[in-house]
Amino acid sequence: MWQTMLLKSIEQGLVFGIMALGVYITFKILNFADLTVDGSFPLGAAVAASLIVGGHSPFTATLSAILAGSLAGYITGILNTSAKISDLLAGILTMTSLYSINLRIMGRPNIPLLNQPTIFSIIQDAAKKIFPGFPVQYMYLILFVVIVLIIKLLLDAFLKTQLGFALRATGDNPQMIRSQGVNTDLTKIIGLSLSNAMISLAGALVAQYQGFADVGMGIGTIIAGLASVIIGDALLGEKSIFISTLGVLFGSFLYRFSISLVLSFRLAQASDLKLLTALVVIVALTAPRFKKSFKGIKIFSEKE
């Protein structure tokens with residue numbers, strides 16, 4: 001039981017960690033409160049599932065999901081930079097629109113992927129032929145580790161490029177970077193497009209991993225992403241880009257594991273999942289403040 005729960009938590013932590021890395025780009029790098037996440041996550045699932053059921057290759061379907069997510073982020077960026085709508089409202093408008101768009105894409109609220117080829121089934125079949133004795137239960141874990149490692153390293157490398165520095169500066173000090181001749185509107189659009197492309201990729205992979213796409217699977221996604229970012233920041237800090245992105249992935253695992261732990265002990269029902277999510281975020285947000293308060297009390301008592 002424990003081994004299975006740990007394995008599932010790691011798998012889910014990794015695949016949802018891709019989504020959390022997308023949230024990290026907007027909330028930590030760009031300092032942009034983007035709520036498009038709750039729409040772009042199921043958008044990736046809807047596009048991938050619809051194309052797979054329609055007979056297209058899972059790889060083509062996943063790539064299409066990435067492009068669709070990038071377009072959603074682009075629209076949010078245009079609403080914010082060109083229409084001068086606030087970041088929060090721009091994300092809400094795109095997210096709300098995407099609910100109807102996802103229904104249009106899917107044609108129904110839910111698309112099952114049972115007996116349909118997926119990225120995982122194709123790679124798993126190929127692995128069985130190459131490595132006949134390999135334990136199948138670890139196949140998803142290995143695939144997720146490889147995929148997430150590639151994405152993390154590419155993101156780390158990108159954030160160290162000139163464009164990556166411009167994105168980071170846009171979030172830290174937009175006035176300063178504008179004085180250097182950088183178009184901050186363009187960097188915002190690029191960051192939002194990249195972020196939502198990663199989030200849609202996560203949605204496409206989750207749909208293929210779980211075996212279905214649902215129009216409501218994005219509800220609360222932003223909270224889960226924020227929880228991962230906050231937990232990772234609290235535990236590992238922001239010493240470097242490498243450590244920060246690693247912390248996000250570690251936070252994603254801890255978040256999924258804590259939810260699984262509570263549900264396995266029957267301390268809560270499955271219907272309480274959103275409440276548990278909110279409580280985890282509240283604890284993650286308030287823990288550093290309590291820690292500082294306790295330190296202050298200790299120092300004060302020692303002086304006395």
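Hydrogens, waters and symmetry mates play no part in the numbers below; they use all other heavy atoms, side chains included.
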Enquirer: To check you understand the geometry: which heavy-atom pair defines the closest contact between Met95 and Asp38, and what is its length?
Expert: SD-CB, 3.5 Å
Enquirer: Kindly compute the distance separating CZ (Arg104) from CG (Leu98), expressed to the nearest 0.5 Å.
Expert: 14.0 Å
Enquirer: Are side-chain N/O atoms of Glu11 and Tyr209 paired as donor and acceptor at under 3.5 Å?
Expert: yes
Enquirer: Should we say atom CD of Gln162 is surrounded by more than 12 heavy atoms from elsewhere, each under 6.0 Å from it?
Expert: no
Enquirer: Are any non-hydrogen side-chain atoms of Phe120 and Phe144 less than 4.5 angstrom apart?
Expert: yes
Enquirer: Tell me the closest heavy-atom pair linking Ala61 and Ala48, and the distance in Å.
Expert: CB-O, 3.5 Å
Enquirer: Any idea which heavy atoms bring Ser252 and Gln12 closest together, and the distance?
Expert: OG-O, 4.5 Å
Enquirer: Are side-chain N/O atoms of Ser200 and Ser40 paired as donor and acceptor at under 3.5 Å?
Expert: no
Enquirer: Less than 4.5 Å apart, side chain to side chain, heavy atoms only: is that true for Leu113 and Phe212?
Expert: no
Enquirer: Can you name the closest pair of heavy atoms from Ile111 and Ser50 and give their distance?
Expert: CD1-OG, 3.5 Å
Enquirer: For the aromatic rings, using the six-membered ring if either is Trp, is the centroid distance between Phe16 and Phe41 under 6.0 Å?
Expert: yes
Enquirer: What closest approach, in Å, do Ile243 and Leu236 show between heavy atoms, and which atom pair accounts for it?
Expert: CG2-O, 3.6 Å
Enquirer: Between the side chains of Thr36 and Asn196, does any donor sit under 3.5 Å from an acceptor?
Expert: no
Enquirer: Examine the side chains of Arg256 and Ser9 and answer whether a donor and an acceptor come within less than 3.5 Å of each other.
Expert: no
Enquirer: Looking just at side-chain N and O atoms, do Thr81 and Lys188 make a donor-acceptor pair shorter than 3.5 Å?
Expert: no
Enquirer: Any side-chain heavy atom of Asp172 within less than 4.5 Å of one from Asn31?
Expert: no
Enquirer: Heavy-atom distance under 4.5 Å between the side chains of Leu89 and Leu79, does that happen here?
Expert: no
Enquirer: Given side chains that start at C-beta, do those of Phe59 and Ile122 come closer than 4.5 Å, heavy atoms only?
Expert: yes
Enquirer: Show the nearest heavy-atom pair for residues Asp34 and Gly91, with the distance to one decimal.
Expert: OD1-CA, 4.0 Å
Enquirer: Of the options Ile66, Thr60, Thr62, which is the one that meets Ser64 in a side-chain contact (heavy atoms from CB on, under 4.5 Å)?
Expert: Thr60
Enquirer: Would you mind checking if Asp125 and Lys129 are paired as a salt bridge, meaning a charged N to carboxylate O distance below 4.0 Å?
Expert: no
Enquirer: Are Lys28 and Asp233 close enough for a salt bridge, meaning some N to O gap below 4.0 Å?
Expert: yes
Enquirer: Can you find a side-chain donor-acceptor pair between Asn110 and Asp214 that sits under 3.5 Å?
Expert: yes
